[in-house]
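Here is the structure we will look at, set down as structure tokens.
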2 protein chains.
Amino acid sequence: MPKSAGSPALLDLDAATPCCPPLARQRVPAEAAAVLAPAFKALGDPVRLQLMSMIASAPDGEICVCDLTPAFELSGPTISHHLKTLREAGLVNAERRGTWVYYRARPGIMRQLAGLLAT
Amino acid sequence: MPKSAGSPALLDLDAATPCCPPLARQRVPAEAAAVLAPAFKALGDPVRLQLMSMIASAPDGEICVCDLTPAFELSGPTISHHLKTLREAGLVNAERRGTWVYYRARPGIMRQLAGLLAT
DNA sequence: ACGTTGTTTTGATAGATGTCAACCTAGACA
DNA sequence: TGTCTAGGTTGACATCTATCAAAACAACGT
């Protein structure tokens, strides 16, 4: 059995191999669209796009929520909500270490999305 | 005066040069996020993602709405609404020629988005 | 045990979104 | 002018989303 259960199994978001040829090459199948669209949707909010970039560009590959929250003029719960959205879209992982929670980007799905948009 | 008026002028979506380094390289500025997030948002719906791929991969670089609509089990107005969303996000152009309307992908912004996600 | 700090969850609310039916517009053709 | 077809627009409705306040949960330090 493959490592990622719970997914439609047609698309492994962590796979190194692209799931589909680029958008401009051939039509994205409905099943692939159903899995990939939520990821784009998660990036479709200015706050989440910035959060994602702060996480992905963190010097040590990870960043504390305590460093993310004060970077925006939004309440803690709102930032937490956006982070949950990114998590559920499969874009990031969260890990609690002691008092703080650290977020880390999942490179696989980023590659999938980039490959889909590449010419 | 630059060619594209009406935009924040900080970001030219048709520029060949990327507006920002990749997501994972450094934090996306708020102004860039405000312009780019709507494009991701437009791709964040399964129907629109498929529409976009059908348009971008059209053999002649363009495709008729009359070829798009029957590809989904959705009403004409709904497809029209999604196409308008893609248009307003700057992802596609529409041109009427006689009876039919043809859609064409705008490669510039696709490059911007791909560059943002690339490692 | 208690209080403090960091993070998430819950509840509530205003606003956005996807969808369709009904209607409207643009062009072709007679 | 009239009618037909391809698309778009409007209005309505149910659902979803972004946001915050309040509460709950988790870990640390007394």
Side-chain angles (χ1 to χ4, degrees), chain A residues 28 30 33-52 54-55 58 60 62-105, chain B residues 28 30 33-52 54-55 58 60 62-105:
Chain A
V28 176
V35 178
L36 294 171
F40 283 119
K41 186 176 186 177
L43 296 177
D45 179 279
V47 173
R48 286 196 296 266
L49 192 55
Q50 291 177 81
L51 282 171
M52 188 66 211
M54 292 178 73
I55 295 169
D60 300 321
E62 65 181 11
I63 189 170
C64 176
V65 175
C66 60
D67 289 327
L68 295 172
T69 304
F72 301 86
E73 294 188 340
L74 291 170
S75 69
T78 297
I79 297 298
S80 185
H81 159 71
H82 284 306
L83 289 173
K84 182 178 186 178
T85 302
L86 290 175
R87 249 183 295 143
E88 292 177 341
L91 289 165
V92 300
N93 282 328
E95 183 195 355
R96 166 159 236 140
R97 281 206 305 279
T99 305
W100 293 280
V101 177
Y102 295 88
Y103 277 76
R104 185 177 287 271
Chain B
V28 176
V35 178
L36 294 170
F40 283 119
K41 187 176 187 177
L43 295 177
D45 179 278
V47 174
R48 286 197 296 266
L49 192 56
Q50 290 177 81
L51 281 171
M52 188 68 211
M54 291 178 74
I55 296 169
D60 299 321
E62 64 181 11
I63 188 171
C64 176
V65 175
C66 60
D67 289 326
L68 295 172
T69 304
F72 302 86
E73 294 188 341
L74 291 171
S75 68
T78 297
I79 297 297
S80 187
H81 160 70
H82 284 306
L83 289 173
K84 182 178 186 177
T85 302
L86 290 175
R87 249 182 295 142
E88 291 177 342
L91 289 165
V92 299
N93 283 327
E95 182 194 357
R96 166 159 233 141
R97 280 205 307 278
T99 306
W100 293 280
V101 177
Y102 295 89
Y103 277 76
R104 185 176 285 271

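On a predicted model such as this, the values are computed, not experimentally measured, just so you know. Below, read A as the first sequence line, B as the second, and so on, with proteins coming before strands; counting in each chain starts at 1.
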Tell me, with the steps shown, if A:Leu83 and A:Ile55 meet side-chain contact (heavy atoms from CB on, under 4.5 Å).
CA-CA 10 Å; A:Leu83 289 173; A:Ile55 295 169; 4.0 Å; yes
For nucleotides 3-9 of chain C, 5' to 3', base contacts (B), sugar-phosphate-only contacts (S) and non-contacts (-) with protein non-hydrogen atoms under 4.0 Å give ---SSBB
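- Counting any heavy atom pair closer than 4.0 Å across all strands shown, A:Arg48 reaches sugar-phosphate atoms only and no base atom.
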Please tabulate, for side-chain N and O atoms in residues 34-41 of chain B, each donor-acceptor pair with protein atoms closer than 3.5 Å (sequence neighbours left out).
none

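- Residues forming a salt bridge (Lys or Arg N to Asp or Glu O under 4.0 Å) with B:Arg104 (at least two apart in sequence, or on another chain): B:Glu62.
- Judged as a side chain to side chain donor-acceptor pair (under 3.5 Å), and not counting sequence neighbours, the contacts of B:Ser75 are B:Thr78.
- With sequence neighbours excluded, no residue forms a side chain to side chain donor-acceptor pair (under 3.5 Å) with A:His81.
- One finds the NE2 atom of B:His82 at 4.5 Å from the CG atom of B:Asp45 (value rounded to the nearest 0.5 Å).
- Counting only residues at least two apart or on different chains, no salt bridge (Lys or Arg N to Asp or Glu O under 4.0 Å) pair has a member in residues 74-94 of chain B.
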Under 3.5 Å, sequence neighbours excluded: what are the donor-acceptor pairs made by side chains of residues 65-74 of chain A?
residue	atom	partner	partner atom	Å
A:Thr69	OG1	A:Val65	O	3.2

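- Across residues 38-47 of chain B, B:Lys41, B:Asp45 each have a non-hydrogen atom less than 4.0 Å from an atom of DNA chain C (numbered order).
- Residues meeting the side chain to side chain contact (heavy atoms under 4.5 Å, CB included) test with A:Ala89, sequence neighbours left out: A:Ala42, A:Leu91.
- Scanning DNA chain D 5' to 3' for nucleotides with an atom closer than 4.0 angstrom to a non-hydrogen atom of chain A gives a first and last hit of D:dT17 to D:dC28.
- Take B:Glu95 and apply the salt bridge (Lys or Arg N to Asp or Glu O under 4.0 Å) test, not counting sequence neighbours, and it matches B:Arg97.
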